[in-house]
*Asks:* 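I am attaching a structure below and will ask some questions about it afterwards.
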Amino acid sequence: MKPQVLKGFRDYLPRQMILRQRIIALFRGVFERHGYEPLDTPVLEHLEVLTGKAGENERLMYHFEDQGGRAVGLRYDLTVPLSRVVAMHQNDLVLPFKRYQIAPVWRAEKPQRGRFREFWQCDADIVGSPSMLADAEAITVMAEALAAVGLPQATIRINHRKLLTALALLSGVDAARAGGVYRAIDRLDKVGPDGVDRELIGLGVPAGAAKRILDLVTRTGAADTLLSGLREQLAGVPGAAEAIGELEQLFAYLPQFGIPASAYVLDLALARGLDYYTGPVFEASVEQPKIGSVGGAGRYDDLIGTFLGRGVPATGMSLGIERIIEVVEEFGLLPVQSTVTEVFVVAFPETMAAAAGIARDLRAAGRRVDLSLLPSRGVGDQLKYAGRKGIPLAVIAGATELDAGTVALKDLRSNEQRTLALIELPGAVERLLHLEQ
RNA sequence: GUGCCUUUAGCUCAAUCGGCAGAGCGCCGGACUGUGGAUCCGGAGGUCACGGGUUCGAGCCCCGUAAGGCACCCCA
């Protein structure tokens, strides 16, 4: 049997796991500081729970028949499972329900840099508030999470799904076929204005309407100026006034939540592909490295209704761990740690018992301690092992020192070593570790 | 899912026209019996991604497959 993993799936070795867990811990901290509660759901769902929500993306869904003949699928995102949970457990949840979920999802895409078939999403959502305050908080949480990992160059672009629908109506395309118009508009940064113009005309949009749409979505400037301009241009178009009004509220709330104005921008060309969005949509992306968006989301007021029969408003955001790691590594935004161990205890065959006792005492003091399990290795080899793993401190528990009630403490980073009374060891270790921070 | 590029030691890569598979780094051992990293010496390590084909002879040419990457599509 040849050892191998599936295309687009990966093992995470300790060095990578340390960074992943660190980022996850930072995100969890941001989520919990904003009052979000943890949630987890099964990786496998009834296929019908998953289908009908992702539009054309359903071709990327992993699905199969289980041994009992049931049609099942691996979750494609964390938003649909959340909606199912809300519908199933409505009596146990206090609304607005704010939950975060950090968990893997699966998509059968062609792998590329920052794009995998198994990847982790970090979602924070608010269920039960139709207010733009909820959307403003979702954007705030996203901005703070990105700032927590030192990613300030990511700007959150914001748009409104109903605004795009209004543009489609304006162009003479009915709401059912509006998706094509969204996609054409969304490709603005890739194919440029002329390209979008060609694509719109290819969809059957009259040349005049295409030009008008292009004129509207390529405008830049302050959100309130853009929105008041749109209010005039789209007067009488169904849904437009509502969308513009919501965006105006949203942009009024954002400064109140304390996010710097540089962290977000109104981008009238932003579309996003998932079918279930009904209101504001947001997306955070980076220019370098070229991996596209690192997070996104939006409001999905009708999704829970597909399970419940009655609508429950919901909004939230999602961050992609793998892509964020790509950026963090590219720019060295977080320190690289190769081990979680703080102290290594060098032992000799004849001092094994004492060495184990020292390790136990240090652990009781809260230290992370590795004890040599191969004491027949020489001191040099044991120190080499500790050094190669990147462990900062070594305690040498030799007979010479122990007979005098002492022990040698070596700082493997600076090569400084001193002999100290056994009783002083925990304090000395603590001091050396904190000097490092 | 489509198109293109790549794949040689653990890693990064070389190998002229199709003619005996190499280097650096890493690893292991020694110089050095209780002190890692440096230096020197020595050593191990290869199904040339995999499967076919052409040829006297293939790492090199041809076909197929897989994995990785780039561009689409789409997305975190």
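Just so we're on the same page: letters track the sequence lines, and every chain starts at 1.
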*Asks:* From the set B:rC74, B:rG34, B:rC75, return the single nucleotide nearest to any side-chain atom of A:Arg323.
*Replies:* B:rC75
*Asks:* Grab the stems for RNA chain B, please: at least three consecutive Watson-Crick or wobble pairs, both distances below 3.5 Å, written as range with range.
*Replies:* B:1-7 with B:66-72, B:10-13 with B:22-25, B:27-31 with B:39-43, B:49-53 with B:61-65
*Asks:* Has A:Phe348 got its ring stacked on the base of B:rG34, with centres under 5.5 Å and planes less than 30° apart?
*Replies:* no
*Asks:* Between A:Ala108 and A:Leu412, which residue's closest nucleotide on RNA chain B lies nearer the 5′ terminus?
*Replies:* A:Ala108
*Asks:* Which side-chain N or O atoms in residues 125-139 of chain A pair as donor and acceptor under 3.5 Å with protein atoms at least two apart or in another chain?
*Replies:*
from	atom 1	to	atom 2	distance (Å)
A:Asp125	OD1	A:Arg99	NH1	2.9
A:Asp125	OD2	A:Tyr300	OH	2.6
A:Ser129	OG	A:Ser131	N	3.2
A:Ser131	OG	A:Leu133	N	2.9
A:Asp135	OD1	A:Arg299	NE	3.0
A:Asp135	OD1	A:Arg299	NH2	2.8
A:Asp135	OD2	A:Arg299	NE	3.3
A:Asp135	OD2	A:Thr315	OG1	2.7
A:Glu137	OE1	A:Lys98	NZ	3.3
A:Glu137	OE2	A:Tyr36	OH	2.6
A:Glu137	OE2	A:Lys98	NZ	2.8

*Asks:* So do the side chains of A:Asn159 and A:Leu164 get within less than 4.5 Å of each other, counting heavy atoms only?
*Replies:* yes
*Asks:* Go through A:Arg219 and A:Asp215 one step at a time and tell me if the salt bridge (charged side-chain N to carboxylate O under 4.0 Å, His left out) criterion holds.
*Replies:* CA-CA 7 Å; A:Arg219 292 183 183 183; A:Asp215 168 57; 3.2 Å; yes
*Asks:* Determine whether any donor atom in the side chain of A:Asn415 lies under 3.5 Å from an acceptor atom in the base of B:rG37, or the reverse, and answer yes or no.
*Replies:* yes
*Asks:* To the nearest 0.5 angstrom, please state how far the CG atom of A:Leu266 sits from the CZ atom of A:Phe251.
*Replies:* 4.5 Å
*Asks:* Nearest to the A:Glu401 side chain among B:rA76, B:rC74, B:rU35, which nucleotide is it?
*Replies:* B:rU35
*Asks:* Please tabulate, for side-chain N and O atoms in residues 317-328 of chain A, each donor-acceptor pair with protein atoms closer than 3.5 Å (sequence neighbours left out).
*Replies:*
from	atom 1	to	atom 2	distance (Å)
A:Ser318	OG	A:Asp123	OD1	2.7
A:Glu322	OE1	A:Trp120	N	3.0
A:Glu322	OE2	A:Arg20	NH1	3.3
A:Glu322	OE2	A:Arg20	NH2	2.9
A:Glu322	OE2	A:Trp120	N	3.3
A:Arg323	NE	A:Gly114	O	2.8
A:Arg323	NH1	A:Ile291	O	3.4
A:Arg323	NH1	A:Ser293	O	3.0
A:Glu326	OE1	A:Arg113	NE	2.7
A:Glu326	OE1	A:Arg113	NH2	3.1

*Asks:* What's the closest nucleotide to the side chain of A:Glu109 if the choices are B:rA76, B:rG1, B:rU35?
*Replies:* B:rA76
*Asks:* How many Å lie between CZ on A:Phe119 and P on B:rC75, as a whole number?
*Replies:* 11 Å
*Asks:* Can the ring centroids of A:Tyr385 and A:Phe344 be said to lie less than 6.0 angstrom from one another?
*Replies:* yes
*Asks:* Taking the P atom in each of B:rA9 and B:rG24, what is the distance between them to the nearest angstrom?
*Replies:* 16 Å
*Asks:* What pairs of nitrogen or oxygen atoms, one from the protein and one from nucleotides 66-69 of chain B, lie under 3.5 Å apart?
*Replies:*
from	atom 1	to	atom 2	distance (Å)
B:rA67	OP2	A:Lys7	NZ	3.0
B:rG68	OP1	A:Gly8	N	3.2

*Asks:* Nearest to the side chain of A:Lys290, which nucleotide is it out of B:rA76, B:rA71, B:rC28?
*Replies:* B:rA71
*Asks:* How far does the P atom of B:rA21 sit from the matching atom of B:rG30, given to the nearest Å?
*Replies:* 33 Å
*Asks:* With a 3.5 Å cut-off and no angle check, do the side chains of A:Asp77 and A:Tyr276 form a donor-acceptor pair?
*Replies:* yes
*Asks:* Taking the same atom, C1', in B:rU65 and in B:rU6, what whole-Å distance lies between them?
*Replies:* 16 Å
*Asks:* Give me the distance, rounded to whole Å, that separates B:rC63 from B:rG68 when you measure between the P atoms they each carry.
*Replies:* 23 Å
*Asks:* Please table the atom pairs, donor to acceptor, closer than 3.5 Å between any side-chain atom in residues 397-405 of chain A and protein atoms at least two apart or in another chain.
*Replies:*
from	atom 1	to	atom 2	distance (Å)
A:Glu401	OE1	A:Gly398	N	3.4

*Asks:* Just jot down the ring-ring contact (aromatic ring centres under 6.0 Å, His included) partners of A:Tyr277, sequence neighbours excluded, or say none.
*Replies:* none
*Asks:* With rounding to whole Å, what would you report as the distance between B:rG57 and B:rC20 at their C1' atoms?
*Replies:* 12 Å
*Asks:* Could you walk me through whether A:Arg157 and A:Glu283 pass the salt bridge (charged side-chain N to carboxylate O under 4.0 Å, His left out) test, one step at a time?
*Replies:* CA-CA 5 Å; A:Arg157 285 138 53 227; A:Glu283 181 166 305; 3.7 Å; yes
*Asks:* What's the gap between B:rA38 and B:rG34 when it is taken at their P atoms, as a whole Å value?
*Replies:* 22 Å
*Asks:* Taking only the side-chain nitrogens and oxygens of A:Arg272, find out if one of them lies under 4.0 Å from OP1 or OP2 of B:rA76.
*Replies:* yes
*Asks:* With P as the reference atom in both, quote the distance from B:rG10 to B:rU55 in angstrom, rounded to an integer.
*Replies:* 34 Å
*Asks:* Could you give the distance separating B:rC32 and B:rA14 at their C1' atoms, to the nearest angstrom?
*Replies:* 36 Å
*Asks:* Could you tell me whether the phosphate oxygens of B:rC27, OP1 or OP2, come under 4.0 Å of any side-chain nitrogen or oxygen in A:Arg388?
*Replies:* yes
